[in-house]
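Values below: every heavy atom of this structure, side chains too, minus hydrogens, waters and symmetry copies.
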Amino acid sequence: MNKVVTSADAAVADIAAGSTVMLGGFGLCGIPENLIAALVRRRITGLHTISNNMGVDGFGMGLMLEAGMIVSHIGSYVGENRRLEQMVLRGELNLTLIPQGTLAERIRAGGAGIPAFYVPTGLGTVVAEGKEIRELNGRKYVLETALHADVALIKAWKGDRLGNLVYRKTARNFNPVMATAAAVVIAEVEELVEPGELDPDHIVTPGIYVKQVVVGERYSKPIESRFIKEHMTGGAA
């Protein structure tokens, strides 16, 4: 029952080329940065990634792009990564953009065993092109299918050696739903505790979903975008 592995490199050792990989995080918050770095060191190619966004140039999933590891990506926001824009325009990467709420629900549906569902979001836009449209109770909806992955790389605040996970504030984001929607789940934690030390009421992801747990070696946790507001000066209008 001890699911702890010695290093991030050992944790990602069995991920194969061509795999579909979900990666938790929102912007740079709650991303499995040590697992990503280990994956980059392996230089696995042909990956199909599913994540809310693609990080930034030079950090997080941006490192995977720079290493030429990703051939397709499903996400909801890519505006902070210039390399991704260039690759898409050159036809080097297949990009599928999904409304953020729909992305979260498609992943959740994958974990819940729901093959498809109807949603009004995207109706009348390119999001709905080629998809079934159905009218229910006088309103039209778009059919969206569930998302699954071979592997999910997720990040939690605390975990025990049985794989039970606790998240911290907004770093929770997409991590819990991805933990249910992949065949293999590898969790990176900041702090490892013994079974029984986590408050059961605080456990969001039960260990039954998690195959491996690794303690992150180091965290830089950069700020994705920093904006400084200048104080208004001058007299009253």
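Results of the side chain to side chain contact (heavy atoms under 4.5 Å, CB included) test with Ile70 over Leu84, Leu95, Leu65 single out Leu65 as the only residue that passes.
For the pair Gly18 and Leu47, the tightest heavy-atom approach, listed with the atom from each and the gap, is N-CD2, 4.2 Å. Nearest heavy atoms, Leu147 versus Ala181: O-CB, 3.8 Å. Between Pro32 and Glu188, the shortest heavy-atom contact is C-OE1, 3.3 Å. The minimum heavy-atom distance between Leu103 and Asn52, with the atom names listed, is CD2-CA, 3.8 Å. The shortest non-hydrogen separation linking Gly60 to Ile36 is O-CG2, 3.4 Å. Nearest heavy-atom pair, Ile107 versus Phe174, reported as atom, atom and distance to 0.1 Å: CD1-CD2, 4.1 Å.
Other residues, nucleotides and ligands contribute more than 12 heavy atoms inside 6.0 Å of the CZ atom of Arg90. The local environment of NZ in Lys211 is sparse, with at most 12 non-hydrogen atoms from other residues, nucleotides or ligands closer than 6.0 Å. The 12-atom threshold is exceeded at CG of Leu89, counting heavy atoms of other residues, nucleotides or ligands nearer than 6.0 Å.
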**Request:** Would you check, one step at a time, whether the test side chain to side chain contact (heavy atoms under 4.5 Å, CB included) holds for Thr121 with Val142?
**Result:** CA-CA 7 Å; Thr121 308; Val142 181; over 6 Å; no
**Verdict with supporting geometry, Val119 and Glu105, side chain to side chain contact (heavy atoms under 4.5 Å, CB included)** = CA-CA 10 Å; Val119 62; Glu105 185 63 8; over 6 Å; no
**Request:** Determine, stepwise, if the pair Met69 / Val40 fulfils side chain to side chain contact (heavy atoms under 4.5 Å, CB included).
**Result:** CA-CA 8 Å; Met69 301 169 63; Val40 171; 4.1 Å; yes
**Request:** Tell me, with the steps shown, if Met64 and Leu39 meet side chain to side chain contact (heavy atoms under 4.5 Å, CB included).
**Result:** CA-CA 8 Å; Met64 297 172 65; Leu39 205 56; 3.8 Å; yes
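Salt bridge Arg82/Glu85: absent, no basic N to carboxylate O contact under 4.0 Å. Using a cut-off of 4.0 Å between Lys/Arg side-chain N and Asp/Glu carboxylate O, Lys155 and Glu190 are scored as salt-bridged.
Side-chain atoms of Lys3 come within 3.5 Å of backbone N or O of Gly207 as a donor-acceptor pair. A donor-acceptor pair is defined here as one N or O able to donate and one able to accept, closer than 3.5 Å; no such pair exists between the side chain of Asn164 and the backbone of Leu198. Side-chain atoms of Ser51 come within 3.5 Å of backbone atoms of Leu23 as a donor-acceptor pair (strictly under, hydrogens ignored). Between the Glu66 side chain and the Asp57 main chain, no donor and acceptor come within less than 3.5 Å of each other. Side chain of Arg42 to backbone of Ala13: a donor-acceptor contact under 3.5 angstrom is found. Put simply, the side chain of Thr125 gets close to the backbone of Val127: a donor and an acceptor are under 3.5 Å apart. Although no hydrogens or angles enter the test, the distance criterion places no donor-acceptor pair under 3.5 Å between the side chain of Lys140 and the main chain of Leu123. Side chain of Asn175 to backbone of Tyr167: no donor-acceptor contact under 3.5 angstrom is found. Proximity of a side-chain donor or acceptor of Asp150 to a complementary backbone N or O of Thr20 within less than 3.5 Å is detected.
At least one side-chain heavy atom of Tyr118 sits less than 4.5 Å from a side-chain heavy atom of Glu132. By the 4.5 Å heavy-atom criterion applied to side chains, Leu165 and Ile154 are counted as neighbours. Annotation: side chain of Leu153 is in contact with side chain of Ile15 (closest heavy-atom distance under 4.5 Å). Side-chain contact between Glu197 and Asp160: absent, with no pair of heavy atoms (C-beta onward) separated by less than 4.5 Å. Proximity of His73 to Met54: side-chain heavy atoms (C-beta onward) are separated by under 4.5 Å at one or more points. Counting heavy atoms from C-beta outward, Arg108 and Thr180 have side chains that stay 4.5 Å or more apart. Between Asn81 and Val56 there is no side-chain heavy-atom pair separated by less than 4.5 Å. Residues Val189 and Lys158 fail the side-chain proximity criterion, which asks for heavy atoms closer than 4.5 Å.
To the nearest 0.5 Å, the span separating CD on Glu194 from CZ on Arg161 amounts to 5.5 Å. Interatomic distance, CD of Gln212 versus CD1 of Ile186, reported as 5.0 Å (0.5 Å rounding). Ile31 contributes atom CD1, which lies 10.0 Å from atom OH of Tyr219 (distance to the nearest 0.5 angstrom).
Hydrophobic clustering places Leu97 together with Met87 (ILVMFWY residues linked when any side-chain heavy atoms are closer than 4.5 Å, directly or through intermediates). Ile114 and Met22 fall into different hydrophobic clusters, where Ile, Leu, Val, Met, Phe, Trp and Tyr residues are linked whenever their side-chain heavy atoms come under 4.5 Å apart, directly or through other members. Grouping the Ile, Leu, Val, Met, Phe, Trp and Tyr side chains by contacts below 4.5 angstrom, directly or via other members, places Val5 with Val151. Placement of Val166 and Leu35 in two distinct hydrophobic clusters is found when ILVMFWY residues are connected by side-chain heavy-atom separations under 4.5 Å, directly or transitively. With hydrophobic clusters built from ILVMFWY side chains whose heavy atoms lie under 4.5 angstrom apart, Ile133 does not share a cluster with Tyr141.
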